[in-house]
Structures are given as C-alpha cells and as structure tokens.
*Asks:* 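Got a structure here, written out as structure tokens. Questions coming.
Each ligand, and each atom within it, is numbered from 1 in the order the structure gives.
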Amino acid sequence: MRKKIVAGNWKMNTTPVEGVELAKNVVAGRGEVCSCVDFIVCPPFTHLSEVVKVTRGSGIAVGAQNCAAEAKGAYTGEVSAQMIASLGVEYVILGHSERREYYGETSKTLNAKMEQAYANGLTPIYCVGEKLDEREAGKHFDVVKAQLEEVVYNLTEEQFAKLVVAYEPVWAIGTGKTATAEQAQEIHAFIREVLRARFGAKADDTAILYGGSCKPSNAAEIFAKADVDGGLIGGAALKAEDFLAIGKGFSK
Ligand code: PEP
C-alpha cells in the first residue's frame with residue numbers, strides 16, 4: 001500500500017509567530033482526518049525549530065522547502081541538510097519550479113542537494129513539472145521524463161525507496177488553474193512508468209503527489225485517480241481548515 005500524503009508548502013509566507021499558530025491549528029484539527037493520511041507542513045527555515053516542537057507527537061511531520069547543495073563551509077546564506085535534520089525535520093522539498101525558475105536550480109545542483117538530503121536522513125519530496133508552453137507544444141512527457149532521469153535515476157534503490165515525487169505543472173501553481181483529474185492521472189501513470197523502467201516494481205510503492213491550485217473543492221476528484229497519492233499544497237496550506245479539508249479528499 002502506498003502512503004497517502006498531504007504536504008503543505010508555505011513558501012515565503014507567515015512570520016514565525018503566525019507560522020506556529022498555523023501549525024497549532026493543523027494539530028488541533030488533525031484528529032478529524034483519517035490517520036491513514038500523512039500530513040507534512042513545510043514552513044520557512046526560520047520557523048522550523050518551533051514548528052517541530054508544536055507538532056511533536058501529533059502525527060504531523062515537518063519538512064523544509066530547500067537545503068544547500070554542500071555539506072558545510074563558506075556558503076553565505078545557505079542552510080545545510082544537517083542543520084535542518086538536527087532540528088527533527090524529516091522532509092525536504094527539492095526541485096520546486098520556483099527554485100528552478102528564480103534561483104537557477106539545475107539537475108546538477110539537485111543531484112547534490114539530493115545527496116545531502118539522504119546523507120542526513122531527510123526524505124526528499126522531488127518536484128517535476130512542465131511550463132505552459134511546454135504543455136502546449138506537447139512536450140510535457142519529455143520534460144518530466146528528463147527531470148526524473150537526470151536526478152532520480154542516480155539514486156540507489158535504498159534511497160529511491162524513501163523518495164516522494166510531486167508532479168506540479170508550472171501553469172497550475174498559484175494560478176487557480178488546476179490540471180483536470182484525467183490530466184493528472186495521465187502524467188502520474190507516465191511518471192510511474194518512467195520510475196518503473198529504472199527501479200522496477202519498487203515504483204509501485206512510490207507516493208506521487210499532485211500540486212497546482214489544489215483545494216478542498218477539487219482534491220477528492222484528483223486524489224481518486226489510481227496513480228495520485230496525495231497533494232503538495234501551496235496557497236490552501238496557509239489555512240489550517242482548508243489544508244485539513246484537502247486531507248479528507250481521499251476515498252481510496
Ligand atoms: C506549490 O507551489 O507547491 C503549489 C502547489 O502551489 P499552489 O497550491 O498555490 O498552486
């Protein structure tokens with residue numbers, strides 16, 4: 001049985017005080033959602049320590065939104081995977097399209113970040129997804145395949161067993177446009193095929209999350225699809241009520 005995961009990417013939102021409040025509200029409402037759903041909250045670095053404290057023992061895990069490609073040293077402004085893991089953080093989002101687009105993250109950087117994440121016991125949530133022009137040109141399968149082959153194919157089987165993948169079409173992120181459930185299923189099934197080509201049947205155990213304007217009103221339809229194992233949620237993760245309601249969207 002694959003994990004069912006709802007992960008919240010808070011991006012650069014909330015002050016630490018507001019973030020702790022949000023995390024407390026998620027903890028308070030968690031009991032209303034099936035314990036079969038794994039919730040993860042990914043606040044900014046500045047909030048991680050406090051959010052780990054308030055979520056401890058609640059069944060809500062904490063993730064970071066990024067980590068450095070290097071282990072330590074003269075890299076002003078960077079935050080290492082070791083620093084993150086030492087706080088009790090369990091996950092790290094890597095390869096988000098905003099990191100690829102605004103901070104020039106390439107597969108080379110992402111390979112190094114993945115290594116750092118695994119070396120420090122963090123589970124990566126590796127994001128893939130095409131831009132609007134790529135989808136319109138019918139290149140979305142090629143784009144996503146390359147993002148997987150250039151990074152995920154370099155993992156060992158042991159590392160792959162821990163991986164979470166998030167498919168996030170860039171044209172659906174923060175735009176209010178959502179992929180249809182059919183579009184999501186089509187490409188999630190394709191992602192699983194690409195993973196199967198390298199890792200065999202182990203790919204059947206990989207959680208593949210959908211991300212892109214996912215909200216309480218559309219989550220159930222998308223999550224009902226065979227190869228969609230949950231969501232990576234941006235805007236709707238900033239309201240505890242909506243974030244938890246998305247978790248109620250599982251019917252399988
Ligand atoms: C995201 O950026 O990971 C995301 C899915 O954002 P949103 O839900 O706001 O589209």
*Asks:* Which residue and non-hydrogen atom of the protein lie closest to atom 2 (O) of ligand 1, and at what distance in Å?
*Replies:*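 Scanning the protein heavy atoms, the shortest distance from atom 2 (O) of ligand 1 goes to Lys11 NZ, 2.5 Å.
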*Asks:* Who's the nearest protein heavy-atom neighbour of atom 5 (C) of ligand 1, and how far?
*Replies:* Glu168 OE2, 3.1 Å
*Asks:* May I ask you to decide if Glu105's main-chain N or O and Arg99's side chain share a donor-acceptor pair within less than 3.5 Å?
*Replies:*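 No; judged by distance alone, with no hydrogens or angles, the pair does not exist.
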*Asks:* Against ligand 1, does His96 come closer than 4.0 Å with any heavy atom?
*Replies:*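 Heavy atoms of His96 do come under 4.0 Å of ligand 1.
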*Asks:* Please say whether more than 12 non-hydrogen atoms of neighbouring residues, nucleotides or ligands are located less than 6.0 Å from NZ in Lys145.
*Replies:*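 No, not enclosed.
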*Asks:* Spell out, as yes or no, whether a donor-acceptor pair under 3.5 Å connects the side chain of Arg135 to the backbone of Val170.
*Replies:* no
*Asks:* When you look for heavy atoms under 4.0 Å from ligand 1, do you find them on the side chain of Asn9, its backbone, both, or neither?
*Replies:*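 The answer is the side chain.
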*Asks:* Within ligand 1, which atoms have a heavy atom of Gly174 less than 4.0 Å away?
*Replies:*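 That gives atoms 7 (P), 9 (O), 10 (O) of ligand 1.
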*Asks:* So which of Glu130, Gln183, His188 actually passes side-chain hydrogen bond (donor to acceptor under 3.5 Å, both in side chains) with Tyr167?
*Replies:* Glu130
*Asks:* Any donor-acceptor pair under 3.5 Å linking the side chain of Thr15 with the backbone of Glu18?
*Replies:* yes
*Asks:* Measuring from the heavy atoms of Ala166, does anything fall under 4.0 Å of ligand 1?
*Replies:*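 No; Ala166 lies far enough from ligand 1 that no heavy-atom distance drops under 4.0 Å.
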*Asks:* Is any NZ, NE, NH1 or NH2 atom of the basic residue among Lys139 and Asp133 found under 4.0 Å from an Asp or Glu carboxylate oxygen of the other?
*Replies:* no
*Asks:* Taking heavy atoms and a distance under 4.0 Å, where does Ala236 meet ligand 1: side chain, backbone, both or neither?
*Replies:* neither
*Asks:* What are the atoms of ligand 1, with element, lying closer than 4.0 Å to any heavy atom of Gly235?
*Replies:*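 Listed by number with element, the hits are 7 (P), 8 (O), 9 (O).
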*Asks:* Which atoms of ligand 1 are found less than 4.0 Å from any heavy atom of Ser213?
*Replies:* 7 (P), 8 (O), 10 (O)
*Asks:* Under 4.0 Å from any heavy atom of Ala172, which atoms of ligand 1 are there?
*Replies:*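 Close to Ala172: 10 (O).
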*Asks:* I'd like to check Asp204 versus Arg196 (side-chain heavy atoms, cut-off strictly below 4.5 Å). Are they in contact?
*Replies:*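 They are in contact (side-chain heavy atoms under 4.5 Å apart), so the answer is yes.
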*Asks:* Would you say Thr178's side chain and Ser213's backbone share a donor-acceptor pair under 3.5 angstrom?
*Replies:* yes
*Asks:* Short list, please: which atoms of ligand 1 are under 4.0 Å from a heavy atom of Gly212?
*Replies:*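 Close to Gly212: 5 (C), 10 (O).
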*Asks:* Answer yes if Phe160 and Val144 sit in the same cluster of Ile, Leu, Val, Met, Phe, Trp and Tyr residues linked by side chain heavy atoms under 4.5 Å apart, and no otherwise.
*Replies:* yes
*Asks:* Please say whether Thr175 places an N or O atom under 3.5 Å from an N or O atom belonging to ligand 1.
*Replies:*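 N/O-N/O distance under 3.5 Å: no.
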*Asks:* Examine Gly234 against ligand 1 and note whether any of their N/O atoms are separated by less than 3.5 Å.
*Replies:*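 The answer is yes, given that Gly234 and ligand 1 share an N or O pair closer than 3.5 Å.
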